[in-house]
Amino acid sequence: MAEIVMYTKDYCPFSKEAKAFFEEKGKNYSEIQIQDDAVVAREMEEKSGGRTDTPQIFVNGSHIGSFDDIKALEATGNLDELLK
């Protein structure tokens with residue numbers, strides 16, 4: 001099973017949507033909240049190529065992007081293959 005890691009902010013509506021999306025798909029994920037930790041926020045920014053929006057989602061260590069990127073993969077049918 002794929003390892004999903006999400007950098008989130010607890011007040012971010014897109015972070016909440018991403019978590020609900022993966023829960024509906026029956027996928028486990030790890031969540032790293034960044035709102036109160038500047039070091040972790042910088043880590044996310046470095047790993048994501050400078051992105052500061054949340055969530056930033058990684059699958060098996062590869063940066064996928066934000067929730068919009070996940071929805072685009074789902075729309076094309078490529079997400080399930082990635083999550084195997």
Look only at the side chain of Asp69 and the backbone of Ser66, and say whether a donor-acceptor pair between them is shorter than 3.5 Å. yes
Hey, does the side chain of Asn60 reach the backbone of Glu3 with a donor-acceptor pair shorter than 3.5 angstrom? yes
So which atom in Met44 and which in Gln56 form the shortest heavy-atom distance, rounded to 0.1 Å? SD-CG, 3.7 Å
Would you check if Lys19 and Met6 make a side-chain contact, meaning some heavy-atom pair closer than 4.5 Å? yes
On a heavy-atom basis, the closest approach of Ile4 and Lys27 is CD1-CB, 3.9 Å
Can you say whether the rings of Phe58 and Tyr7 are parallel (under 30°), tilted (30 to 60°) or perpendicular (over 60°)? perpendicular
Could you see if Ile64 belongs to whatever hydrophobic cluster contains Val5? Use Ile, Leu, Val, Met, Phe, Trp, Tyr and a side-chain cutoff under 4.5 Å. no
In terms of heavy-atom contacts, Gln33 and Val40 come closest through O-CG1, 4.3 Å
Might you point out which heavy atoms bring Leu82 and Leu73 nearest each other, and give the distance in Å? CD2-CD1, 4.0 Å
Reference residue Ser15; test side-chain contact (heavy atoms from CB on, under 4.5 Å); the match among Ile34, Thr54, Asp10: Thr54
Thr8: side chain to side chain donor-acceptor pair (under 3.5 Å) partners, not counting sequence neighbours: Glu31
Pair listing, ring pair (Phe, Tyr, Trp, His ring centres under 6.0 Å) test, anchored in residues 9-54, at least two apart: Phe21-Phe67
Listed partners of Glu43 passing salt bridge (charged side-chain N to carboxylate O under 4.0 Å, His left out), at least two apart: Lys47
Salt bridge Lys25-Asp80, side-chain N to carboxylate O under 4.0 Å: yes
